[in-house]
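First up is the structure itself, then whatever we jot down about it.
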Protein chains: 2
Amino acid sequence: MQLYLEKLKEGGLKLTPRRQAIIEFFVDGKSHLTPEEVWKKLKKRFDRCGLPSVYRNLESLVKCGILTKIQQFDRKKHYGLCSAVHGDYHHHHITCIECGKVDEIKDCAIGDAKKIKGYKVVSHFIQVNGICADCSRG
Amino acid sequence: MQLYLEKLKEGGLKLTPRRQAIIEFFVDGKSHLTPEEVWKKLKKRFDRCGLPSVYRNLESLVKCGILTKIQQFDRKKHYGLCSAVHGDYHHHHITCIECGKVDEIKDCAIGDAKKIKGYKVVSHFIQVNGICADCSRG
DNA sequence: CCTCAAATAGAAACTATTTCTGTTTATTAT
DNA sequence: ATAATAAACAGAAATAGTTTCTATTTGAGG
């Protein structure tokens with residue numbers, strides 16, 4: 001947790017109670033959350049809190065490297081704790097479709113390929129969906 | 001073109017003028033399009049045409065294997081002609097961020113991996129964005 | 001403690017998508 | 001050909017997720 005708060009400061013972001021709470025949700029839950037889910041949790045702790053702040057905060061936390069965006073096939077945004085917070089290495093994510101847990105995948109076929117099929121590769125995105133060991137047992 | 005019309009029939013879908021037109025847009029343009037872009041093109045040919053039909057048709061065309069969804073990082077849906085229309089083999093897509101052209105990638109690191117990191121792999125998605133040879137030259 | 005930029009709430013706007021209802025149209029079987 | 005019928009359709013309206021705006025509050029540095 002302390003690590004994340006330092007990351008916040010490094011990114012020039014203030015340490016507000018709401019931001020701390022949001023980070024805690026991700027640290028404790030070890031899962032990915034949508035802005036609305038974050039908002040619901042936040043409302044339990046704070047009498048007054050607005051959804052727009054949640055959106056802004058999630059984006060800020062992505063920018064300073066604490067969270068990562070997870071692309072799903074619905075219209076909602078998804079965010080997860082970036083487990084690569086200790087170093088900025090290349091990785092992707094595997095998400096449990098049952099419980100929402102997010103893990104990282106270090107092996108990447110695209111890696112630092114500069115060219116594929118004549119294309120100059122600019123960016124790439126890999127998302128794996130599965131069922132984690134815990135949920136499989138259940 | 002004929003190939004696609006057969007695919008439509010195979011999928012149990014009617015051969016309507018609007019569907020033919022939509023397929024043509026993709027075949028001729030060789031690029032990915034959003035529902036709204038398709039709608040704009042459609043309106044030039046048909047006096048009356050509704051956006052909801054466009055959405056429905058694009059989804060139908062995905063289901064019968066003519067189009068494929070392309071995940072971008074905006075809120076819009078993107079569709080592209082599935083170049084694997086001749087066979088239903090496993091592949092992903094590379095998209096030119098300049099002109100929107102879509103090519104397929106046959107090599108896939110995830111492939112038919114059953115397990116990754118203890119997760120039972122259910123599905124995966126790879127999207128590569130780049131600049132194609134034509135656009136690089138320009 | 002004072003200042004001030006950053007963060008915030010709440011309302012309202014916006015945008016992409018979906019749902020609904022009644023009408024039209026392409027296919028299939030006569 | 002033509003009638004029957006299930007699918008496709010238009011257009012209006014609703015919805016959902018996100019963003020913008022404005023005025024107020026708050027945290028961090030002096």
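All values reported here derive from a predicted model rather than from experimental measurement. In what follows, every chain begins at residue 1, and chains take the letters A, B, ... in the order their sequences are listed.
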Distance in angstrom units between [X] [atom1] and [N] [atom2], rounded:
X	N	atom1	atom2	result
A:Leu61	C:dA6	CG	P	17 Å
B:Glu37	C:dT15	CD	C1'	15 Å
A:Trp39	C:dA9	CH2	P	10 Å
B:Glu36	C:dT17	CD	C1'	11 Å
B:Leu13	C:dT27	CG	P	11 Å
B:Lys77	C:dT15	NZ	P	19 Å
A:Arg75	C:dT15	CZ	C1'	9 Å
B:Arg56	C:dC20	CZ	C1'	11 Å

Problem - Axial cation check for A:Trp39 ring with A:Lys41, 6.0 Å and 45° limits - result: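 No, A:Lys41 does not lie over the aromatic ring of A:Trp39.
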Does [X] have any side chain to side chain contact (heavy atoms under 4.5 Å, CB included) partners at least two apart in sequence or in another chain, and if so, which?
X	answer
A:Glu6	A:Gln2
B:Lys40	B:Glu36
A:Lys120	B:Ile131, B:Ser136
A:Asp134	A:Lys101, A:Cys132, A:Arg137

Exercise for the section: Would you classify B:Pro35 as touching base, sugar-phosphate or nothing, given that sugar-phosphate means primed atoms plus P, OP1 and OP2, and contacts are heavy atoms under 4.0 Å? Expected result: sugar-phosphate
Exercise for the section: Inspect the surroundings of CG in B:Asp112 and state if more than 12 heavy atoms from other residues, nucleotides or ligands are less than 6.0 Å away. Expected result: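 No, the 6.0 Å shell around CG holds no more than 12 heavy atoms from other groups.
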Problem - Nucleotide interval of DNA chain D bounded by contacts with chain A (heavy-atom cut-off, under 4.0 Å) - result: D:dA16 to D:dA28
Exercise for the section: Starting at CD of B:Glu104, measure out to NE2 of B:His92 and round the result to the nearest 0.5 Å. Expected result: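 It is 11.0 Å, given to the nearest 0.5 Å.
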Exercise for the section: Would you please confirm or rule out a distance under 4.0 Å between OP1 or OP2 of C:dT18 and any side-chain N or O of B:Tyr55? Expected result: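 Result: no.
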Handout entry: Contact summary for A:Phe25 and A:Leu33, nearest pair of heavy atoms
Key = CB-CD1, 4.1 Å
Practice task
Compare every heavy atom of A:Cys108 with every heavy atom of A:Ile126, then report the nearest pair and how far apart it is.
Solution key: CD1-SG, 4.1 Å
Problem - Residue closer to the 5' end of DNA chain C, B:Lys76 versus A:Gly12 (nearest nucleotide) - result: A:Gly12
Practice task
Give every residue pair that meets the side-chain hydrogen bond (donor to acceptor under 3.5 Å, both in side chains) criterion with at least one member in residues 18-28 of chain A, sequence neighbours excluded.
Solution key: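 Sorted pair list: A:Arg19-A:Asn57, A:Glu24-A:Arg45.
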Handout entry: Divergence of helical axes at both termini of the helix from C:dC1-D:dG30 to C:dT30-D:dA1 - five pairs an end, 10° steps
Key = 40°
Handout entry: Any pair counted as salt bridge (Lys or Arg N to Asp or Glu O under 4.0 Å), so long as it reaches residues 48-57 of chain B, sequence neighbours left out
Key = none
Exercise for the section: Scan residues 41-51 of chain B against DNA chain C and write down, sorted by residue number, each residue with any heavy atom closer than 4.0 Å; if none is found, say none. Expected result: B:Leu51
Handout entry: Test item: A:Ile116 and B:Asp107 side chains (from C-beta on) under 4.5 Å apart, heavy atoms
Key = no
Practice task
Check ring pair (Phe, Tyr, Trp, His ring centres under 6.0 Å) between A:His78 and all other residues, then give those that pass, not counting sequence neighbours.
Solution key: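 Here the qualifying residues are A:His32.
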Handout entry: Near-strand residues of residues 14-22 of chain A, defined as heavy-atom separation under 4.0 angstrom from DNA chain D
Key =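 Contacts with DNA chain D under 4.0 Å: A:Lys14, A:Leu15, A:Pro17.
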Enumerate donor-acceptor pairs with a distance under 3.5 Å from any side-chain N or O in residues 62-70 of chain B to protein atoms, sequence neighbours excluded.
| from | atom 1 | to | atom 2 | distance (Å) |
| --- | --- | --- | --- | --- |
| B:Lys69 | NZ | B:Glu59 | OE2 | 3.3 |

